[in-house]
Amino acid sequence: MTDMDIHQVLQYLPQRYPILMIDRVLSCEPGKRIVALKNVTINEPHFPGHFPTRPVMPGVMILEAMAQAAAILALRTLGVKPDENSVYYYAGIDNARFKRPIEPGDQLVIEIVIQGSKRGVWKFGCTVKVDGVLVSEADILCAYRSLPGKGQ
């Protein structure tokens, strides 16, 4: 089990602000599970519009955080780092539930467990907790693909 700081996270994810959703990895067991952190702050760009009188993190951003943590787990499991010709796509979302709103000041603890993989498509069980309380969960499918090189 290894942790990762933001500099190491950036080696595995192509996303950057404002879409980067993982601040730190607390533990990663390649082939099994990952636990990652997302610190939710009021100065994130979606809060002024969602919602002006009561800022709430959009569900799609919570799902994106799950996918990014899952990507790190899959890549660490494969023993590779992405390059400009590799992509990691959402392929499906099942059983998504949002138990309570996530607000600025919350710290998301995102746990992802590998449920299986076949031909580059991975299935994960995902939970998000705040202060030890389950706030969201989903089963997701993601696909890792290498694209043809530039100019081909």
Side-chain angles (χ1 to χ4, degrees), residues 1-6 8-51 54-82 86-146:
M1 296 197 326
T2 59
D3 66 339
M4 298 168 62
D5 64 23
I6 188 62
Q8 293 163 312
V9 167
L10 291 171
Q11 294 176 20
Y12 285 89
L13 295 176
Q15 293 89 345
R16 296 297 182 260
Y17 179 84
I19 299 299
L20 182 64
M21 295 286 119
I22 302 299
D23 294 319
R24 174 174 288 281
V25 171
L26 297 178
S27 65
C28 181
E29 297 174 72
K32 295 181 182 179
R33 67 189 278 274
I34 191 169
V35 179
L37 289 181
K38 162 67 176 143
N39 295 304
V40 182
T41 64
I42 190 64
N43 42 337
E44 293 182 43
H46 48 265
F47 284 131
H50 198 268
F51 298 96
R54 174 126 189 222
V56 175
M57 186 174 185
V60 297
M61 301 305 277
I62 300 164
L63 291 167
E64 177 64 20
M66 291 176 184
Q68 289 181 23
I72 295 169
L73 176 57
L75 293 168
R76 295 278 308 267
T77 297
L78 293 170
V80 299
K81 291 182 182 176
S86 58
V87 292
Y88 196 80
Y89 293 119
Y90 250 124
I93 302 167
D94 294 312
N95 306 313
R97 299 288 180 264
F98 304 96
K99 309 281 186 181
R100 80 151 177 86
I102 294 173
E103 300 174 318
D106 286 343
Q107 184 177 64
L108 308 185
V109 178
I110 305 155
E111 182 174 0
I112 310 296
V113 176
I114 295 174
Q115 294 178 336
S117 69
K118 190 175 187 179
R119 291 190 302 263
V121 177
W122 298 70
K123 183 175 183 181
F124 303 96
C126 310
T127 60
V128 177
K129 294 180 180 177
V130 173
D131 296 326
V133 177
L134 182 68
V135 296
S136 184
E137 60 188 344
D139 296 319
I140 64 173
L141 295 171
C142 297
Y144 177 65
R145 299 286 185 254
S146 292

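Across all their heavy atoms, Cys142 and Ala67 have their closest contact at SG-CB, 4.5 Å. Listed here is the closest heavy atom pair of Met66 and Cys126: SD-CB, 3.6 Å. Taking each heavy atom of Pro101 and Val56 in turn, the nearest pair found is CB-CG1, 4.0 Å. Nearest heavy-atom pair, Pro48 versus Pro45, reported as atom, atom and distance to 0.1 Å: CD-O, 3.3 Å. Minimum interatomic distance between Ile22 and Ala65 (heavy atoms only, all atoms of both residues): CD1-O, 3.6 Å. For the residue pair Gly125 and Asp139, the shortest heavy atom distance occurs at CA-OD1, 3.7 Å.
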- Message: Between Lys123 and Lys118, is the side chain to side chain contact (heavy atoms under 4.5 Å, CB included) condition met? List the steps.
- Response: CA-CA 9 Å; Lys123 183 175 183 181; Lys118 190 175 187 179; over 6 Å; no
- Start with the C-alpha gap between Val128 and Phe98, add the side-chain angles, then the distance that decides, and say whether side chain to side chain contact (heavy atoms under 4.5 Å, CB included) holds. CA-CA 9 Å; Val128 177; Phe98 304 96; over 6 Å; no
- Stepwise side chain to side chain contact (heavy atoms under 4.5 Å, CB included) test for Val9 and Arg24: CA-CA 7 Å; Val9 167; Arg24 174 174 288 281; 5.8 Å; no
- Kindly determine whether Ile6 and Leu20 satisfy side chain to side chain contact (heavy atoms under 4.5 Å, CB included), including the steps that lead there. CA-CA 10 Å; Ile6 188 62; Leu20 182 64; 3.9 Å; yes
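Formation of a donor-acceptor pair under 3.5 Å by the Gln8 side chain with backbone atoms of Asp5 is found in this model. Within the 3.5 Å criterion, the main-chain N or O of Thr41 finds a donor-acceptor partner in the side chain of Glu44. Looking at Gln68, its side chain does come within 3.5 Å of a backbone N or O of Ile19 through a donor-acceptor pair. Between the side chain of Ser27 and the backbone N or O of Thr2 there is no donor-acceptor pair closer than 3.5 Å. A donor-acceptor pair under 3.5 Å links the side-chain atoms of Asp23 to the main chain of Asn39, judged by distance alone. Without hydrogens or angle criteria, Arg16 side chain to Leu10 main chain gives a donor-acceptor distance under 3.5 Å.
To the nearest 0.5 angstrom, Arg145 atom CZ is 9.5 Å from Tyr89 atom OH. Here the straight-line distance linking atom CG of Leu63 with atom OG of Ser136 works out to 6.0 Å at 0.5 Å rounding.
In this structure, the side chains of Leu75 and Lys81 stay at 4.5 Å or more apart for every pair of heavy atoms. Counting heavy atoms from C-beta on, the side chains of Gln15 and Met21 never come closer than 4.5 Å. Inter-residue side-chain proximity for Val109 and Leu37 is flagged as met; some heavy-atom pair is nearer than 4.5 Å. Two residues are said to be in side-chain contact when any heavy atoms from C-beta on lie closer than 4.5 Å; Phe124 and Gln115 fail this criterion. Taking the side chain as every heavy atom from C-beta outward, Leu108 and Met57 approach each other to under 4.5 Å. Using a 4.5 Å cut-off on side-chain heavy atoms (C-beta onward), Val80 and Tyr144 make contact. Counting heavy atoms from C-beta on, the side chains of Asp106 and Arg100 come closer than 4.5 Å. Between Tyr88 and Pro82 the shortest side-chain heavy-atom distance does not fall below 4.5 Å.
With Trp122 as the fixed residue, the side chain to side chain contact (heavy atoms under 4.5 Å, CB included) test singles out one of Ile140, Leu78, Leu141, Leu73: Leu78. Residue Glu137 is tested with Lys129, Arg97, Lys99 for a salt bridge (Lys or Arg N to Asp or Glu O under 4.0 Å); the sole match is Lys99. Test Asp3, Ile112, Ile34 against Cys28 for side chain to side chain contact (heavy atoms under 4.5 Å, CB included) and you get one pass: Ile34.
Environment of OH in Tyr90: crowded, with over 12 heavy atoms of neighbouring residues, nucleotides or ligands closer than 6.0 Å. The number of heavy atoms from other shown groups lying within 6.0 Å of CG (Asp131) does not exceed 12.
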